[in-house]
Amino acid sequence: MTTQLPAEVVSAEPLWRLGTAYFSRKTILTAAELGVFTTLSGNPATADDLAKRLELHPRGARDFLDALVALGTLTREDGLYQNTPLAEHYLNADRASYVGAFLTSADARWNLLVEALRTGDPQNRWGSGPAMFTEQYRTTAAWRNFTAGMDYLNGMIGPVLAEAFDWSSVDSVVDVGGARGNLAAAILSRNPHLTVGVQDLPGVEPVFHEHMAQLQLTGKITFYPGDFFEDPMPSAQALVMSHVLHDWGVAERRKLVAGAFQALPPGGVLLICDPMIDDDRKGPAGALLTSLNMLMVTPHGSEYTPGECRSWLTEAGFVDISASSLGAHNTLVVARRP
Ligand SMILES: C[S@@+](CC[C@H](N)C(=O)[O-])C[C@H]1O[C@@H](n2cnc3c(N)ncnc32)[C@H](O)[C@@H]1O
């Protein structure tokens with residue numbers, strides 16, 4: 001039997017922090033599921049009132065609501081609880097920006113991590129190729145939930161991407177696999193000289209138009225319905241692929257990069273964003289964990305390193321390849337067609 005190390009040498013605190021991070025996530029998602037944030041939107045309420053309306057037993061209600069205050073999703077003033085701006089925007093189910101359903105769907109999946117690691121198989125039943133998306137998102141409501149989840153992620157990098165590249169060097173950009181146009185809108189809002197488009201599957205078009213109306217950009221961004229493996233990518237001086245390459249295996253990534261090379265004019269640029277893994281593969285944890293998530297939701301997807309990305313780009317003929325951080329564990333790789 002090995003001797004036990006003294007507690008002052010091996011503090012349990014880092015592990016304890018990870019454990020309570022799970023409690024935090026579960027508390028917030030449970031509140032979303034119970035409708036706490038939707039009920040409180042525009043209607044501040046006392047703990048008693050909320051407990052009655054949401055059918056909560058008094059024993060846990062106060063701790064539950066005060067934990068939500070401590071976690072930054074509610075405020076409590078003079079005994080009245082209300083949503084913080086964060087909860088109002090992302091956790092009120094009446095808003096198009098609601099991500100409760102998107103985040104909750106990951107919970108069930110992560111319970112199947114052992115299975116995914118043993119088999120290498122995704123823990124869903126959505127098939128591969130475009131079916132991975134079209135089978136899963138059959139209705140406009142399903143596309144709305146999914147694209148809201150995408151915007152929650154691309155919203156953290158959009159404003160940075162809109163400044164990180166010299167957009168004055170191009171006059172047009174198409175966001176390939178650009179979902180409901182949120183990232184394209186962020187680029188356009190800071191670079192109004194650009195002609196902007198989005199290519200995505202035809203099923204996305206209704207939520208694209210909905211989102212453009214919400215952003216008061218109707219008619220300002222063109223939607224190109226298509227399958228980026230089958231149809232040519234729209235021509236523009238710049239193409240963006242954000243959170244697209246990580247959905248696919250290496251052969252498909254090479255095909256997408258080659259497709260972009262074909263669509264770009266000489267001198268055109270391709271901008272690739274993903275939560276990339278450091279070249280030494282020791283971090284960041286956020287990118288490595290997203291990679292495990294890709295294991296569970298796609299047949300061949302994963303995160304990858306800037307070095308791997310550079311090799312696919314070089315093979316396709318791109319030059320002047322550079323990489324920079326976009327924050328939120330995301331890396332931007334830019335490459336030019338000679
Ligand atoms: C992970 S999401 C990323 C969305 C967006 N670029 C972002 O950064 O939030 C991948 C996108 O690729 C689109 N997509 C998947 N397969 C496609 C295909 N074969 N042709 C065109 N778009 C596709 C999906 O509909 C989805 O909007």
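Just follow the structure's listing: the first ligand is 1, and inside any ligand the first atom is 1. Values reported hereafter were calculated over all heavy atoms of this structure, with side chains retained and with hydrogens, waters and symmetry mates removed.
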**Item:** Output field: ring centroids Trp312/Tyr304 closer than 6.0 Å
**Value:**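 Centroid distance Trp312-Tyr304: below 6.0 Å, so yes.
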**Asked** If only atom types and distance count, is the side chain of Arg253 paired as donor or acceptor with the main-chain N or O of Trp248 below 3.5 Å?
**Response**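 Side chain of Arg253 to backbone of Trp248: a pair is present.
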**Prompt:** Does Thr305 offer a backbone N or O that forms a donor-acceptor pair with the side chain of Glu308 under 3.5 Å?
**Reply:**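 Present.
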Considering only heavy atoms of [X], which atoms of ligand 1 have at least one such atom less than 4.0 Å away?
| X | result |
| --- | --- |
| His243 | 1 (C), 2 (S), 3 (C), 8 (O), 10 (C) |
| Trp248 | 16 (N) |
| Ala179 | 4 (C), 27 (O) |

**Prompt:** Hey, is ligand 1 close enough to Asp175 that some N/O pair sits below 3.5 Å?
**Reply:**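 The answer is no, given that Asp175 and ligand 1 share no N or O pair closer than 3.5 Å.
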**Request:** Could you label the plane-to-plane angle of the Phe208 and Phe223 rings as parallel, tilted or perpendicular, counting under 30° as parallel and over 60° as perpendicular?
**Result:**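 It falls in the tilted class, 30° to 60°.
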Side chains of [X] and [Y] only: does a donor on one sit below 3.5 Å from an acceptor on the other?
| X | Y | value |
| --- | --- | --- |
| Ser41 | Glu88 | yes |
| Thr38 | Asp94 | no |
| Asn154 | His243 | no |
| Asp48 | Thr46 | no |
| Asp66 | Tyr81 | yes |

Quick test: of every protein heavy atom, which one is nearest to [atom], and how far off is it to 0.1 Å?
| atom | answer |
| --- | --- |
| atom 10 (C) of ligand 1 | Asp247 OD2, 3.3 Å |
| atom 19 (N) of ligand 1 | Asp227 OD1, 2.9 Å |
| atom 17 (C) of ligand 1 | Phe228 CZ, 3.3 Å |
| atom 5 (C) of ligand 1 | Gly177 O, 3.3 Å |
| atom 2 (S) of ligand 1 | Met150 SD, 3.4 Å |
| atom 8 (O) of ligand 1 | Ser242 OG, 2.6 Å |
| atom 9 (O) of ligand 1 | Asn154 ND2, 2.8 Å |
| atom 26 (C) of ligand 1 | Asp200 OD2, 3.6 Å |

[X] to ligand 1, any heavy atom closer than 4.0 Å:
| X | answer |
| --- | --- |
| Leu183 | no |
| Trp143 | yes |
| Gly226 | yes |

**Asked** What is the distance from atom CE of Met276 to atom CD of Glu303, rounded to the nearest 0.5 Å?
**Response**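 One gets 8.5 Å once the value is rounded to the nearest 0.5 Å.
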